[in-house]
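Notes to accompany the following structure.
Because only heavy atoms are used, hydrogens play no part in the values below, and waters and symmetry mates are left out as well, while side chains stay in.
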Amino acid sequence: MKIRFKATPVVLAMLCAMYFITYVDRVNIGTAASEIQKELGLSNTQLGLVFSAFAYPYLLFQVIGGWVGDHFGPRKTLFWCGMIWAVATISTGFVHGLVALFVARFALGFGEGATFPTATRAMQYWTPANRRGFAQGLTHSFARLGNAVTPPVVALLILWLTWRGAFVVLGLVSLVWGVIWVWYFRNEPKDHASITQAELAALPPRPSGERSRVPWGPLFGRMWPVTPTYFCYGWSLWLYLNWLPLFFKNNYKLDIKNSALFASGVFFAGVIGDSVGGVISDKILDRTGNVRFARLSVTVTGFAGALLSLFPILFVHDITIVALCLSAGFFCAELVIGPMWSIPMDIAPKYSGTASGLMNTGSAFAAIVSPLVAGFVIDATGNWYLPFLMSMGLLLLGGFSAFLMHPERPFADAEARLSTGQVVAAE
């Protein structure tokens, strides 16, 4: 008897796999950094520059990539993104200098820049409206699972194949995902051979009529408070992702295997935080019907918890206590993900790819600045705790800026036309 799976959970599972793989490919360099640094003779400042290389095109393609996903659909967009980031990952294994390494990481950011906004576009039509927080939390928890398993997996691959072979193997996995995605996924749920009528009835209705142009100015006016809030979250995220393995290795004189295990333990806390934040936000929404309270209550709690969790590491330097504090901080910070990524769909469902791209420019810009500043501060002072002190300040700012967000006010085409001075005819 042939087993037939429902299409909607399979699509969600494939998006979870994409989030997992993209984060493996973007954080693998953090574990391999000590070997790369030793072979290529890089300083911490130069290493920070390499870490930031990913983020320059990643920042640029948040909005552009979101528009591409809205315009051409997630099927083709994510396939070609997968091909680009896979080749970039494989190419990293063949670099022999700072410039080539920078270019390879730059290409990776080019390939991954459109992925999350486009995935949000896919979720917009493949996920029931009351499950958005869950879907966003679950997919991002797989991203954090990628963070968690990458340090030990990359460490083992380095011991087996060297750091160069590790990048080649991981890039080949990305190629396989891209092929499976373009074979299985359809932009329109109704066009999928395995979709059931019950699944279609639960999905949100598609907008009727011709595809309208993106109202950039009015949409930016609605989304701008979300962007700096996400920047404040992103600052801590990229500090963790890029520098945590080196923090344990250099600050506590650990070998690559043990530093990877400590980093992995911290990242596993984020896996739980992502899922919990999305589920709690959806439950609050179900019980209260208040979109703003459902999103902001979890977001502000996450920022406050992350700040309070990091505070003890400024005074206590025992490795076990520090690891527990960092784990608690990462868990709390990741509570923010589910509600934050639901907000673009709450505000602008018709332009969710573009709107989520506008939001994620905050994190993308943080991905440039955070590793650069951290590398410079560590080289200048030799203090590995100062970057975390800076993160605490950004977490405090993020908690306050969250109150500027208004996901309860849907963005409408009528609003866009009025904002641009066009006359709206009475119906």
Side-chain angles (χ1 to χ4, degrees), residues 5-27 69 74 78 82 112 115-150 177 180-181 184-185 189 192 194-195 199 202-204 230 233-234 237 240-241 264 267-287 291 294-295 297-299 301-302 327 330-346 349 352-353 355-356 359-360 363 407:
F5 295 98
K6 290 184 177 181
T8 49
V10 172
V11 168
L12 183 59
M14 293 187 69
L15 290 172
C16 287
M18 186 204 77
Y19 277 62
F20 176 89
I21 293 169
T22 55
Y23 262 83
V24 169
D25 286 346
R26 72 178 67 175
V27 305
L78 290 181
E112 292 197 6
T115 52
F116 285 13
T118 303
T120 298
R121 181 63 166 182
M123 279 184 258
Q124 179 70 44
Y125 296 137
W126 279 85
T127 305
N130 64 346
R131 300 280 285 173
R132 288 171 179 171
F134 167 77
Q136 289 287 4
L138 182 66
T139 51
H140 281 84
S141 72
F142 271 82
R144 299 303 169 258
L145 182 62
N147 298 343
V149 304
T150 296
W177 179 88
I180 295 175
W181 171 262
Y184 187 83
F185 183 77
H192 200 285
S194 299
I195 197 77
E199 288 178 286
L203 296 177
Y230 207 56
Y233 156 80
L237 171 68
Y240 272 91
L241 298 187
S264 180
F267 289 144
F268 265 115
V271 178
I272 303 170
D274 275 305
S275 296
V276 169
V279 170
I280 291 176
S281 181
D282 280 347
K283 286 187 176 297
I284 294 173
L285 179 60
D286 285 340
R287 290 189 177 186
V291 176
R295 306 311 184 202
S297 59
V298 180
T299 299
T301 299
S327 298
F330 199 53
F331 168 83
C332 291
E334 292 305 297
L335 292 174
V336 169
I337 285 291
M340 286 294 295
W341 278 90
S342 299
I343 288 174
M345 294 191 285
D346 295 328
S352 56
S356 59
M359 180 191 77
N360 206 28
S363 178

Minimal non-hydrogen separation, [X] against [Y], with atom names:
X      : Y      : result
Thr118 : Pro74  : CG2-CA, 3.5 Å
Ser297 : Ile284 : OG-CD1, 3.5 Å
Ile343 : Pro407 : CG1-CB, 3.9 Å
Val336 : Gly302 : CG2-CA, 4.1 Å
Leu138 : Ser141 : O-OG, 2.5 Å
Trp177 : Leu78  : CZ3-O, 3.9 Å

How long is the straight-line distance from [atom2] of [Y] back to [atom1] of [X], given to the nearest 0.5 Å?
X      : Y      : atom1 : atom2 : result
Ile280 : Leu285 : CD1   : CG    : 13.5 Å
Leu15  : Phe20  : CG    : CZ    : 15.0 Å
Met123 : Met345 : CE    : CE    : 6.0 Å
Ser281 : Asp286 : OG    : CG    : 9.5 Å
Ile272 : Ser327 : CD1   : OG    : 9.5 Å
Thr139 : Tyr19  : OG1   : OH    : 4.5 Å

ring-ring contact (aromatic ring centres under 6.0 Å, His included) partners for Phe142, two or more places apart: none
Check step by step if side-chain contact (heavy atoms from CB on, under 4.5 Å) holds for Leu241 and Phe267. CA-CA 9 Å; Leu241 298 187; Phe267 289 144; 3.9 Å; yes
Quick check: do [X] and [Y] have side-chain heavy atoms less than 4.5 Å from each other?
X      : Y      : result
Tyr233 : Thr299 : no
Trp181 : Met18  : no
Leu237 : Phe330 : yes
Leu145 : Tyr23  : no
Phe185 : Val11  : yes

Parallel, tilted or perpendicular: rings of Trp341 and Tyr230 (30°, 60°): perpendicular
Salt bridge or not for Asp282 and Arg287, using N-O below 4.0 Å? no
